[in-house]
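Worksheet: the structure to be examined is printed underneath.
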Amino acid sequence: MKIYIGSDHAGYELKFNLVSFIMESFPEYEVFDCGTYSDDSVDYPDFAQKVCENVLNDNRNSLGILICGTGLGMSIAANKFKGIRAALCNDLFTAKLSRQHNDANVLVLGSRVIGYGVATEVVRNFLTTEFDGGRHIDRLNMIKEIEERD
Ligand code: RB5
């Protein structure tokens, strides 16, 4: 299983720390750091694109994590990619439900909203919770239909 992680400058430090956290806590995942690699100012859509394209081009088990200051820019950009279900989760409950109900394949975090401690637990919930399937499949299919329009 692969995790592609990316951030802009605002999320750089949190990304750096989360890469170590994931490698230590979830050795079953291969972590690919898609940048940015310093806190020099960059544009978050570039990194949303890198992560989302990797998730889409890979097998279905791949996940993405995107971090910017609020998580909003990364969410908006990521959800433009057909097949990406990006969920901005700055709390544990949302992180769990994003997998159970929405089968989210990209987790988005706001580095200026939550600290490292909460971020690690949000990531833990995201990586250890399965999609419930059932009635939620029909709803995801409805989203796919929207994606197919023009
Ligand atoms: C960068 O200053 C900031 O705008 C960005 O990290 C993010 O919060 C955008 O939504």
Side-chain angles (χ1 to χ4, degrees), residues 1-134 136-137 139-140 143 147:
M1 288 182 287
K2 295 177 183 175
I3 300 180
Y4 296 93
I5 185 166
S7 75
D8 70 356
H9 51 286
Y12 167 71
E13 188 181 338
L14 181 57
K15 173 173 65 65
F16 183 85
N17 291 324
L18 284 179
V19 167
S20 304
F21 167 75
I22 295 166
M23 287 169 70
E24 281 167 24
S25 306
F26 298 95
E28 66 273 29
Y29 281 96
E30 251 185 300
V31 184
F32 296 89
D33 187 346
C34 300
T36 188
Y37 303 112
S38 79
D39 58 11
D40 293 345
S41 184
V42 291
D43 301 315
Y44 60 80
D46 286 336
F47 298 91
Q49 182 172 355
K50 281 186 192 172
V51 165
C52 291
E53 285 181 347
N54 275 301
V55 169
L56 291 171
N57 290 336
D58 242 323
N59 62 57
R60 285 169 181 221
N61 288 328
S62 294
L63 296 171
I65 299 178
L66 286 167
I67 311 165
C68 64
T70 57
L72 291 170
M74 285 295 198
S75 302
I76 293 166
N79 281 310
K80 299 293 179 193
F81 289 82
K82 197 188 277 189
I84 291 294
R85 295 176 299 283
L88 172 56
C89 301
N90 288 321
D91 65 88
L92 306 188
F93 178 72
T94 312
K96 201 174 175 74
L97 270 288
S98 76
R99 293 285 310 126
Q100 287 180 336
H101 288 195
N102 310 111
D103 197 21
N105 51 8
V106 173
L107 169 67
V108 188
L109 301 168
S111 62
R112 292 172 178 161
V113 181
I114 54 169
Y116 174 69
V118 173
T120 58
E121 297 317 298
V122 165
V123 168
R124 189 189 303 282
N125 271 6
F126 187 76
L127 296 184
T128 58
T129 307
E130 297 290 325
F131 179 45
D132 279 351
H136 303 294
I137 294 172
R139 294 164 185 163
L140 294 188
I143 295 172
E147 282 179 334

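Note: hydrogens, waters and symmetry copies are ignored here, and every other heavy atom, side chains too, is used. For clarity, every value in this text was computed on a predicted model and none was experimentally measured.
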Point-to-point distance, once rounded to the nearest 0.5 Å, from [atom1] of [X] to [atom2] of [Y]:
| X | Y | atom1 | atom2 | value |
| --- | --- | --- | --- | --- |
| Glu147 | Lys80 | CD | NZ | 11.5 Å |
| Glu53 | Cys34 | CD | SG | 10.5 Å |
| Ile22 | Arg124 | CD1 | CZ | 11.0 Å |

Do the non-hydrogen side-chain atoms of [X] and [Y] ever get within less than 4.5 Å of each other?
| X | Y | result |
| --- | --- | --- |
| Glu30 | Phe32 | yes |
| Tyr44 | Leu66 | no |
| Phe126 | Leu63 | yes |
| Val108 | Val106 | yes |
| Tyr4 | Lys50 | no |
| His101 | Asp132 | yes |

Donor-acceptor under 3.5 Å ([X] side chain, [Y] main chain):
| X | Y | value |
| --- | --- | --- |
| Asp33 | Gly6 | no |
| Asn102 | Ala104 | no |
| Ser111 | Leu14 | no |
| Tyr29 | Pro27 | no |
| Asp8 | Gly11 | yes |
| Asn105 | Gly83 | yes |
| Ser98 | Ala87 | no |
| Thr129 | Asn125 | yes |
| Asp103 | Arg99 | no |
| Lys15 | Thr36 | yes |

Just one of Val31, Leu109, Ile3 clears the side chain to side chain contact (heavy atoms under 4.5 Å, CB included) bar with Leu18, so which one?
->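 The single option meeting the side chain to side chain contact (heavy atoms under 4.5 Å, CB included) with Leu18 is Leu109.
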
Candidate list Ile65, Leu107, Thr94, test side chain to side chain contact (heavy atoms under 4.5 Å, CB included), partner Val122, passing option =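 So the option named by the test is Leu107.
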
Considering all heavy atoms, the nearest [X]-[Y] contact:
| X | Y | result |
| --- | --- | --- |
| Phe47 | Asp43 | CD1-O, 3.5 Å |
| Gly73 | Thr70 | N-OG1, 4.2 Å |
| Val113 | Asn90 | CG1-ND2, 3.7 Å |
| Leu88 | Gly110 | CD1-N, 4.3 Å |
| Asn79 | Ala86 | OD1-N, 2.9 Å |
| Val42 | His9 | N-ND1, 3.2 Å |

Should we say atom [atom1] of [X] is surrounded by more than 12 heavy atoms from elsewhere, each under 6.0 Å from it?
| X | atom1 | value |
| --- | --- | --- |
| Phe26 | CZ | yes |
| Met1 | CE | yes |
| Glu13 | CD | no |

Given Ile143 and Leu140, is the side chain to side chain contact (heavy atoms under 4.5 Å, CB included) satisfied, shown in steps?
-> CA-CA 5 Å; Ile143 295 172; Leu140 294 188; 4.1 Å; yes

